[in-house]
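Before we start, here is the structure in question, set down as structure tokens.
Numbers here are sequence positions counted from 1.
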Amino acid sequence: MITTQLQNRIQGLRRQSADGFTMVEVVLAGVMLVSVMTAVAQMSVSALGGSRNLSMRTGMEAAVNNDIQLIQQADSYLTIDSIDANELEDACLDPTNHLISYLNVEVPETDLAKLGIERTMQVGATPDVVEVVYSFDGPEKGVDDEYRVVELNPNFSAQCYTTN
């Protein structure tokens, strides 16, 4: 009788201990959960930073592309007929500088300055080419100065020359 009571009591204790977790198991599960959550948080922060950089890069590239299109459009609108008769001789003698001054008036760089983009116009490697240079700092780490260069030939200059 004593053995059966003792056996019943031991079996009851075994059933009770099998129903729950030990303290060591709970601590190990907590440590694993914390390390997994830390890794997920680091990946999330990295993804958000990359998304921000991509958004800034997209905005800068769009502003530069838009400005290039406006400059090309203004160059195509500057024809020999649109130049004032008083300025025509000077424009034909120095077409690149005339185009530069025309573009600075017609296509201001206000939107570019807001994004930290600097635009310069100058006579290119040859005297009949206008060089438009866009410079800005890249939004990513490790990317310093970036440049976009566009070369234009004044459309009206071909009509300045006549044969006698």
Practice task
Using the rule that two of Ile, Leu, Val, Met, Phe, Trp, Tyr join whenever any of their side-chain heavy atoms come within less than 4.5 Å, decide whether Val129 and Ile68 are in one cluster.
Solution key: no

Problem - Any Gln73 side-chain heavy atom under 4.5 Å of Leu70 side chain - result: yes

Problem - Pairwise side-chain contact, Phe136 with Met60, heavy-atom cut-off 4.5 Å (strictly under) - result: yes

Problem - Val27 vs Met32 side-chain heavy atoms within contact, under 4.5 Å - result: no

Handout entry: Electrostatic pair Arg57-Glu146, nearest N-O below 4.0 angstrom
Key = yes

Exercise for the section: Evaluate the side-chain proximity of Asp94 to Thr96: yes if any heavy-atom separation is below 4.5 Å, no if none is. Expected result: yes

Exercise for the section: Check whether any side-chain heavy atom of Met37 lies under 4.5 Å from a side-chain heavy atom of Val34, and answer yes or no. Expected result: no

Practice task
Identify whether Val132 and Leu115 are in the same connected component of the hydrophobic contact network (ILVMFWY, side-chain heavy atoms under 4.5 Å).
Solution key: yes

Practice task
Treating Ile, Leu, Val, Met, Phe, Trp and Tyr as nodes and any side-chain heavy-atom pair under 4.5 angstrom as an edge, say whether Val64 and Met56 lie in one connected cluster.
Solution key: no

Problem - Residue among Leu152, Asn97, Leu103 satisfying side chain to side chain contact (heavy atoms under 4.5 Å, CB included) with Met121 - result: Leu103

Handout entry: Test item: Glu25 side-chain N/O and Thr22 main-chain N/O as donor-acceptor pair under 3.5 Å
Key = yes

Fill in the blank from the handout: Arg119 and Val107 have their tightest heavy-atom pair at NH2-O, 2.6 Å

Problem - Leu78 backbone acceptor or donor facing Ser82 side chain under 3.5 Å - result: no

Practice task
Report whether Val123 and Tyr134 are members of the same hydrophobic cluster (ILVMFWY, side-chain heavy atoms less than 4.5 Å apart, transitive linking).
Solution key: yes

Practice task
Identify the two heavy atoms, one from Thr79 and one from Ser76, that lie closest to each other, and give their separation to 0.1 Å.
Solution key: CG2-O, 3.8 Å

Handout entry: Residue pairs fulfilling salt bridge (Lys or Arg N to Asp or Glu O under 4.0 Å) with at least one residue in residues 122-137, sequence neighbours excluded
Key = none

Handout entry: Derivation and outcome, side chain to side chain contact (heavy atoms under 4.5 Å, CB included), residues Glu109 and Thr120
Key = CA-CA 10 Å; Glu109 60 176 307; Thr120 56; over 6 Å; no

Problem - Sidechain-backbone polar pair: Asp67 side chain, Ala63 backbone, donor-acceptor under 3.5 Å - result: no

Exercise for the section: State, with a plain yes or no, whether a side-chain heavy atom of Ile80 is found less than 4.5 Å away from one of Cys92. Expected result: yes

Exercise for the section: Indicate yes or no: at least one non-hydrogen side-chain atom of Ser135 is less than 4.5 angstrom from one of Asp145. Expected result: no

Exercise for the section: Could you grab the distance from atom CG of Leu93 to atom CG of Leu88, nearest 0.5 Å is fine? Expected result: 9.5 Å

Handout entry: Non-hydrogen side-chain atoms of Glu106 and Ile71 separated by less than 4.5 Å
Key = no

Handout entry: Gap between atom CD of Glu87 and atom OH of Tyr102 - 0.5 Å precision
Key = 11.0 Å

Exercise for the section: Check whether Val130 and Val133 end up in the same hydrophobic cluster, where Ile, Leu, Val, Met, Phe, Trp and Tyr are linked by side-chain heavy atoms less than 4.5 Å apart. Expected result: no

